[in-house]
Amino acid sequence: MEGGGMRKVSSHTSMADAAAAADFDLSQLLDKPRLKIERQRSFDDRSMSEFSLSGNVRGIDGYDSVFSPGGMRSVLDTPLSSARNSFEPHPMVAEAWEALRRSLVYFRGQPVGTIAAYDHASEEVLNYDQVFVRDFVPSALAFLMNGETDIVKNFLLRTVQIQSWEKRIDRFKLGEGAMPASFKVLHDPARGVDTIVADFGESAIGRVAPVDSGFWWIILLRAYTKSTGDLSLAERPDCQKCMKLILTLCLSEGFDTFPTLLCADGCSMIDRRMGIYGYPIEIQALFFMALRCALTMLKHDSEGKDCIERIVQRLHALSYHMRSYFWLDFQQLNVIYRYKTEEYSHTAVNKFNVIPDSIPDWVFDFMPSRGGYFIGNVSPARMDFRWFALGNFVAILSSLATPEQSMAIMDLIEERWEELVGEMPLKICHPAIESHEWRIVTGCDPKNTRWSYHNGGSWPVLLWLLTAACIKTGRPQIARRAIDLAESRLLKDGWPEYYDGKLGRYIGKQARKFQTWSIAGYLVAKMMLEDPSNLGMVSLEEDKAMKPMLRRSASWTC
């Protein structure tokens, strides 16, 4: 791959250490992953208060000095996670690795990603034979944890090149920083030429450009850096420019009075019309995490310094807004239930003029006395009370959620196990939209019928996010229970994309088999649980400089 060769860094994790660690009490890992190297103070750990908003910003030397020990290749092509442990791995692990390797895509002889699904039984290929940015993330993490870093580096550099292409849909030009939803490699054996065709949304169902692709790219770049200890990739001019272009799209000033990011339906993992337009929790959590990851990797040159200052300002505003207005627990639900409307001025308690009668009945039964979560959306006169798994788990991993909120989210999962986990981890959202509301919200989408696909379906890929959140909050037993459920069916069912039904008992009616991120999500969950130090790739510690959550009765100007 061109330019910026990777600096090899050997792992400091010995086989003896890992074997001893198998009996380690994971409950002691409350917030920090177990690391095997002498720790210097990493850039991740620095408080944002150390960055001067007046322009006196500190140097970047030593950032991310702690890396997750995934950089040592195992012998005889045995998955590294299996070699590290003294117990016999589950037979599904070998099957999963074989299936994951079948999904590899090559460009000019080098692996550059994995296709979405390797389902030859399906009559319609659609775009499942393409490399999706968001879909590749769990595959990339699996390869990083197994010491196979080149494929991740190739993917990151190839998508940087694609970002620089002109992006047009009909006669409209997209923003320069937009990242592709997916790309496909076309092989011409007669001419011996490989070409790439990218999709920025112009071919997608609904013609919506992905907002999350750029955020996942930044998060994966940091994961690569943490895993390998190689700073040179993130420091390349093209990677620095890529981050700045992505963030410029998001940090631009406009008419919005909120620090959250305004988005259309279909711009994220839920890529069809599902009523998530506005300020969906998934995008806000990914936005927050990408900002924090970029803060650790941007150079402090003239351009980088300006971007860093804007990031710091946005992070403070975004964390306050999300923790204050998106958070829901039993106490806060009772506050909203008693809201007064038509309030004016800075002293308003009901700042968004939400009508209490708009609270759906199911929320009162669903909300336990112990637990809480970030709701799906908040905007003028509208609160979407649905539970969305990805947004809540990313909130935990990025420390958008406070330690108390993180524990409350895990409490909710334990209290509402049947509804959120059932027989196959994990509900993408809860509850499903039904009847007349389904017709209006989804546009009568036949794929998003109740308890199917994005409308309350169960997605095995979310297992890795659940596991990471469990380890960070010291609840590994929850992850083990969920993994046991997955192992009872996933392989036997052919690694489906999603499951249907209230409990996730039925293979999705249109689900592809051998879905790559279902396979990779399982592998990442297993390797992370077996070696919790892998959590460092996707977890950020709490920043103590974040302003504490204020009471809703406080003035907007406080």
Using the salt bridge (charged side-chain N to carboxylate O under 4.0 Å, His left out) rule, collect all pairs that involve residues 239-257, keeping only residues at least two apart or in two chains.
Lys244-Asp301, Lys244-Glu303
The criterion is salt bridge (charged side-chain N to carboxylate O under 4.0 Å, His left out); which residues satisfy it with Arg207, sequence neighbours excluded?
none
If you apply the rule salt bridge (charged side-chain N to carboxylate O under 4.0 Å, His left out), what do you find for Arg475 with Asp411, and how did you get there?
CA-CA 10 Å; Arg475 309 278 189 96; Asp411 288 340; 2.7 Å; yes
The reported gap from CZ in Phe143 to CD1 in Ile151 (rounded to nearest 0.5 angstrom) is 4.5 Å
On a heavy-atom basis, which atom in Ala234 and which in Met297 lie closest, and how many Å separate them?
CB-SD, 4.1 Å
For Lys299 and Glu235, indicate whether the former's side chain and the latter's backbone hold a donor-acceptor pair under 3.5 Å.
yes
Pairing residues for Cys267 by the side chain to side chain contact (heavy atoms under 4.5 Å, CB included) criterion, not counting sequence neighbours
Val208, Val211, Cys263, Ile283
Ser324 side chain to His321 backbone, donor-acceptor under 3.5 Å:
no
Is it the case that more than 12 heavy atoms not belonging to Glu176 sit under 6.0 Å from its CD atom?
no
Sub-4.5 Å side-chain heavy-atom contact between Arg236 and Leu156
no
Asp306: salt bridge (charged side-chain N to carboxylate O under 4.0 Å, His left out) partners, not counting sequence neighbours:
none
Test side chain to side chain contact (heavy atoms under 4.5 Å, CB included) on Leu315 and Leu295 and set out the steps.
CA-CA 10 Å; Leu315 281 171; Leu295 196 62; 4.3 Å; yes
Could you tell me whether the side chain of Gln284 and the main chain of Leu261 form a donor-acceptor pair under 3.5 Å?
yes
Suppose we screen for side chain to side chain contact (heavy atoms under 4.5 Å, CB included). Which residues come up paired with Ala140, at least two apart in sequence or across chains?
Phe136, Val152, Leu220
Has the side chain of Asn154 got a donor or acceptor atom that lies under 3.5 Å from a matching backbone atom of Leu157?
no
ring-ring contact (aromatic ring centres under 6.0 Å, His included) partners of residues 260-298, not counting sequence neighbours, each pair once
Phe215-Phe287, Phe258-Tyr279
Met383 versus Leu328: any side-chain heavy-atom pair under 4.5 Å?
no
Strictly distance-based, threshold 3.5 Å: is any side-chain N or O of Ser319 a donor or acceptor partner for the main-chain N or O of His316?
yes
Give a yes-or-no answer on whether the side chains of Gln161 and Arg158 include a donor-acceptor pair shorter than 3.5 Å.
yes
Please check this pair: side chain of Lys427 against backbone of Gly456, looking for a donor-acceptor N/O pair closer than 3.5 Å.
yes
Check Met407 against Thr473 and note the closest heavy-atom contact, atom names and distance.
SD-O, 3.6 Å
Backbone of Gly177 reached by a side-chain donor or acceptor of Gln163 within 3.5 Å:
yes
Non-neighbouring partners of Trp459 that pass ring pair (Phe, Tyr, Trp, His ring centres under 6.0 Å), sequence neighbours left out
Tyr453, His454, Tyr498
I need the Asn377 CG to Phe326 CZ distance, nearest 0.5 Å.
5.5 Å
Salt bridge (charged side-chain N to carboxylate O under 4.0 Å, His left out) involving Asp135 - partner list, sequence neighbours excluded:
none
Closer than 3.5 angstrom, by distance alone: can the side chain of Ser518 be matched with the main-chain N or O of Phe514 as a donor-acceptor pair?
no
Can you list every pair that meets side chain to side chain donor-acceptor pair (under 3.5 Å) and has a residue in residues 259-276, with sequence neighbours left out?
Arg272-Asp445
Minimum heavy-atom separation for Ala204 and Asp199, please, with both atom names.
N-OD2, 3.6 Å
Do Ile409 and Phe374 have side chains that get closer than 4.5 Å, going by heavy atoms?
yes
Sort out for me which residue in Leu400, Leu465, Ile219, Ile281 forms a side-chain contact (heavy atoms from CB on, under 4.5 Å) with Val394.
Leu465
Approximate separation, where rounding is to 0.5 Å, of Leu100 CG and Glu148 CD:
8.5 Å
Student check: side-chain heavy atoms of Lys526 and Leu529 closer than 4.5 Å
no
Only counting residues at least two apart or in another chain, list the ones meeting side chain to side chain contact (heavy atoms under 4.5 Å, CB included) with Ala198.
Ile162, Trp165, Pro180, Phe183, Phe200
Is it true that a side-chain atom of Ser406 and a backbone atom of Ile396 form a donor plus acceptor pair closer than 3.5 Å?
no
For Leu291 and Ile311, work out which heavy atoms get closest and say how close.
O-CG2, 3.6 Å
Atom CZ of Arg292 and atom OG of Ser399: how far apart are they, to the nearest 0.5 Å?
5.5 Å
Listed once per pair and sorted, the side chain to side chain donor-acceptor pair (under 3.5 Å) pairs that draw on residues 385-398, sequence neighbours left out
Asp384-Arg386
Ignoring hydrogens and geometry, is there a side-chain-to-backbone donor-acceptor pair from Glu282 to Met269 under 3.5 Å?
yes
What closest approach, in Å, do Ala178 and Leu249 show between heavy atoms, and which atom pair accounts for it?
N-CD1, 3.5 Å
Please identify each residue that fulfils side chain to side chain contact (heavy atoms under 4.5 Å, CB included) with Val160, with sequence neighbours left out.
Trp217, Asp238, Cys239, Cys242
Spatial distance of atom OG (Ser182) from atom CD1 (Ile115) [nearest 0.5 Å]
12.5 Å
